[in-house]
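Step one of this worksheet: look at the structure below.
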Protein chains: 2
Amino acid sequence: MAHTLDKLDRKILHYISQNARTPFLEIARECNVSGAAIHQRVQKLVNQGVIRNSEFVIDQYKVGYQTCAYIGIVLKNNIEFQAVVDHIKEIPEIVECHYTTGKYAMFIKMYAKDNRHLLRLILDKISTIPGVANTETFQLSLEEIFRRQLSTFGVDEEK
Amino acid sequence: MAHTLDKLDRKILHYISQNARTPFLEIARECNVSGAAIHQRVQKLVNQGVIRNSEFVIDQYKVGYQTCAYIGIVLKNNIEFQAVVDHIKEIPEIVECHYTTGKYAMFIKMYAKDNRHLLRLILDKISTIPGVANTETFQLSLEEIFRRQLSTFGVDEEK
DNA sequence: CATGAAAAAGATCCAGG
DNA sequence: CCTGGATCTTTTTCATG
């Protein structure tokens with residue numbers, strides 16, 4: 001299940017997970033291997049699915065989305081999750097969707113332009129999905145304290 | 001505050017937010033402009049802070065982190081947030097940290113290798129931070145339903 | 001699996017409109 | 001703010017150890 005990553009793999013992940021445009025040759029120099037080696041390793045990691053994709057991270061606040069919230073969703077009894085997920089997926093403002101154990105059936109992360117927009121999305125788009133019993137909103141303050149990627153890639157597995 | 005993005009800016013953001021290694025020349029072809037134009041636009045977006053950074057997205061499950069949780073944190077009265085944040089930042093398994101309004105003072109996202117590790121992190125690392133009154137954990141199921149970036153960049157602002 | 005060298009593709013710079 | 005072209009950098013391929 002968990003892939004075995006050696007030191008070089010982890011070093012590569014460390015660099016490219018912080019900056020997807022780091023030149024492979026630069027990583028190669030840091031690691032004292034050839035550029036081709038980095039290229040082959042990255043290729044392998046992509047094939048193994050360890051690397052999912054790459055993306056430029058956009059500052060949502062600067063493109064007009066001033067509000068963000070986590071929302072816990074409680075479902076009615078005997079509801080088929082997948083049907084609800086299908087509806088969730090149709091709402092572009094929702095950027096993450098997870099199943100949870102405990103209090104809520106699902107947990108989502110959603111952006112909105114402002115508080116009014118947030119309320120409209122919850123009342124008009126989410127609460128009206130068949131099967132949704134109720135929701136609880138945890139509104140995040142405008143200031144995101146930090147956001148980063150996990151950087152302790154499989155430390156302790158092998159050497 | 002919110003930057004005005006025209007159609008071309010949005011198209012560029014659309015492509016590079018899905019794949020940070022999309023060649024600019026390819027985007028240029030799609031948009032019927034020169035490669036230099038894309039280059040200049042991206043530069044501008046970076047300078048404006050609309051583009052924050054780029055990253056390769058790692059599959060945490062494949063590198064040994066089987067568990068993920070959102071955790072709401074309640075603080076004791078009269079606690080200085082920053083001191084708590086400083087402690088939070090020291091825990092590498094925590095990948096997001098936000099202030100929240102309402103029930104909790106803060107909301108974090110944290111990865112762990114397994115349930116035992118998760119519990120250890122909560123009890124030994126988080127609960128012991130001076131000022132933390134209590135925490136509530138929403139454990140996410142192993143299967144992340146989806147995760148994507150917001151793709152409706154400032155739609156409706158200008159043309 | 002790594003290497004170095006060669007070929008192909010892309011990024012960056014710049015003068016000009 | 002765009003363009004085309006020159007130039008420099010990076011990626012990718014491949015034969016070899």
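By convention in this document, chain letters (A, B, ...) are assigned in the order of the sequence lines, proteins followed by strands, and residues within each chain are numbered from 1.
We find that CD of Q48(B) is positioned 14 Å from C1' of dC1(D), with the value rounded to whole Å. Rounded to whole Å, the distance from CG on N32(A) to P on dG4(C) is 11 Å. Whole-Å rounding puts the L8(A) CG to dC1(C) C1' distance at 11 Å. Distance Q43(A) CD to dC1(C) C1': 15 Å, rounded to the nearest Å. Note: CG (N19(B)) to P (dT11(D)) measures 14 Å, nearest angstrom. As rounded to whole Å, 12 Å separates atom P of dC1(C) from atom CG of L5(A). Taking atom CD1 of I38(B) as the reference point, atom P of dC1(D) lies 14 Å away to the nearest angstrom. Here dT11(D) presents its C1' atom at 8 Å from CG of L25(A), a figure rounded to the nearest Å.
Aromatic ring orientation, F81(B) versus Y99(B): tilted (interplanar angle from 30° to 60°). Relative orientation of the F138(B) and F107(A) rings is tilted, given thresholds of 30° and 60° on the angle between their planes. Taking the six-membered ring where tryptophan is involved, the planes of H117(A) and Y65(A) are tilted, since the angle between them lies from 30° to 60°.
Look at H39(A) and you won't find any side-chain N or O under 4.0 angstrom from OP1 or OP2 of dT11(D). Phosphate contact (OP1/OP2 of dA11(C), side-chain N/O of R21(A), threshold under 4.0 Å): present.
Annotation: of the two residues near DNA chain C, Q40(B) and A36(A), the 5′-most nearest-nucleotide partner is A36(A). Summary of the strand contacts: V33(A) and F24(B) both lie near DNA chain C, and taking for each the nucleotide with the nearest heavy atom, the more 5' one is attributed to V33(A).
Residues N115(B) and Q139(B) have side chains that bring a donor and an acceptor to within less than 3.5 angstrom of each other.
Distance from the side chain of P23(A) is smallest to dT11(D) among dT11(D), dA2(C), dC1(D).
Considering only heavy atoms from C-beta on, M110(B) comes within 4.5 Å of I126(B) through its side chain.
No engagement by E26(B) is indicated, since no non-hydrogen atom pair under 4.0 Å with the nucleic acid exists.
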